[in-house]
There are 2 protein chains.
Amino acid sequence: MKAKTKNDYAAQAAVIKAMAHPTRLLILNSLKKKETCVCELRDMVGDDISTVSKHLLVLKKAGLVAARREGNWLHYRLACPCVLDFAACVAGLKR
Amino acid sequence: MKAKTKNDYAAQAAVIKAMAHPTRLLILNSLKKKETCVCELRDMVGDDISTVSKHLLVLKKAGLVAARREGNWLHYRLACPCVLDFAACVAGLKR
DNA sequence: CATCTATTTGGCTATTTGGCAAAATAGATG
DNA sequence: CATCTATTTTGCCAAATAGCCAAATAGATG
């Protein structure tokens with residue numbers, strides 16, 4: 001396997017960074033079960049809806065979630081369910 | 001499995017956040033091969049040695065690396081080699 | 001103890017982040 | 001087209017981050 005370049009690490013770090021927030025981990029874990037609209041996520045998270053929307057934007061830019069419109073609602077879903085294996089791996093770290 | 005609390009997510013996010021930087025991913029990957037002193041890491045990274053030292057502090061606080069002194073040198077090593085499985089998982093994400 | 005080397009710490013600046021509130025937007029519906 | 005609902009965007013502020021340089025520290029060694 002080739003040595004990774006700075007760019008490789010930057011790309012990888014960008015995805016990891018998107019996950020590096022408690023609220024975003026909560027969102028990702030919720031989406032694991034089912035796709036969910038923003039207002040429902042807001043209720044779970046408890047922050048202002050604009051804040052939740054920004055978190056979703058971060059996740060979307062990282063390619064971790066995607067959205068589907070249905071009437072007035074946007075339903076978000078995991079674009080990449082395997083990220084949760086990654087999160088679970090971290091959760092299981094013995095420190 | 002119980003629902004995770006905010007604290008669970010905060011703890012998990014703290015570890016992930018420590019990994020969420022290109023230089024720190026580079027460092028972690030280097031340490032995978034062998035334990036390494038700070039000045040050697042500085043050569044690989046190319047930043048000021050104080051910057052590298054601070055990155056190592058971040059990783060140490062997260063429990064991801066540990067150090068061993070040998071004479072003047074501090075040899076850092078992975079405290080938790082499994083984190084790289086995690087990183088590899090992210091690297092392999094299809095986006 | 002003086003000094004040397006490797007490393008960490010402190011101080012500074014520029015940039016990014018996370019949060020709320022208010023304004024703007026996108027579709028649905030009257 | 002007016003209006004309603006769900007969501008995003010913008011503006012703002014406080015706090016955190018990353019980087020460099022200079023100063024401090026920890027051991028080793030003369």
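Every chain is numbered from 1, with letters handed out A, B, ... down the list of sequences. Everything numeric here is computed off the predicted structure, so don't read it as measured data.
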State the [atom1]-[atom2] distance between [X] and [Y], to the nearest 0.5 angstrom.
X: B/Lys34; Y: B/Glu40; atom1: NZ; atom2: CD; result: 3.5 Å
X: B/Leu57; Y: B/Ser50; atom1: CG; atom2: OG; result: 12.0 Å
X: A/Leu56; Y: A/Thr36; atom1: CG; atom2: OG1; result: 10.0 Å
X: B/Leu31; Y: B/Arg24; atom1: CG; atom2: CZ; result: 13.5 Å

Selected nucleotide, minimal atom distance to [X] side chain, candidates [options]:
X: A/Lys54; options: D/dG11, C/dG18, D/dC21; result: D/dG11
X: A/His55; options: C/dT16, C/dG19, D/dT7; result: C/dG19
X: B/Ser53; options: C/dT8, C/dG27, D/dC20; result: C/dT8
X: A/Cys39; options: D/dT17, D/dC20, D/dT7; result: D/dT7
X: B/Trp73; options: C/dT8, C/dG19, C/dA6; result: C/dA6
X: A/Ile49; options: C/dA21, C/dT7, D/dT7; result: D/dT7
X: B/Thr51; options: D/dT17, D/dG19, D/dT7; result: D/dG19

Separation of atom [atom1] in [X] from atom [atom2] in [N], rounded to whole Å:
X: A/Glu40; N: D/dA6; atom1: CD; atom2: P; result: 12 Å
X: A/Asn72; N: D/dA6; atom1: CG; atom2: P; result: 6 Å
X: B/Leu56; N: C/dA6; atom1: CG; atom2: P; result: 16 Å
X: B/Ile16; N: C/dT17; atom1: CD1; atom2: P; result: 17 Å
X: A/Leu74; N: C/dA28; atom1: CG; atom2: P; result: 11 Å
X: B/Leu57; N: D/dA18; atom1: CG; atom2: P; result: 11 Å
X: A/Leu59; N: D/dT8; atom1: CG; atom2: P; result: 12 Å
X: B/Asp47; N: D/dT17; atom1: CG; atom2: P; result: 17 Å

Does [N] have OP1 or OP2 under 4.0 Å away from a side-chain N or O of [X]?
X: A/Tyr76; N: D/dA6; value: no
X: A/Lys17; N: C/dT16; value: no
X: A/Arg69; N: D/dA6; value: no

Give B/Arg42 one of three labels, base, sugar-phosphate or nothing, depending on what nucleic acid heavy atoms sit under 4.0 Å from its own. nothing
Re C/dA28: Watson-Crick or G-U wobble partner, both distances kept under 3.5 Å, found to be D/dT3
By the Watson-Crick or G-U definition, both distances under 3.5 Å, C/dG18 is matched with D/dC13
B/Ile27 and B/Ile49: same hydrophobic cluster, using ILVMFWY side-chain contacts below 4.5 Å? yes
Taking atom types as modelled, is there a side-chain donor on B/Thr5 or B/Asn7 under 3.5 Å from an acceptor on the other? no
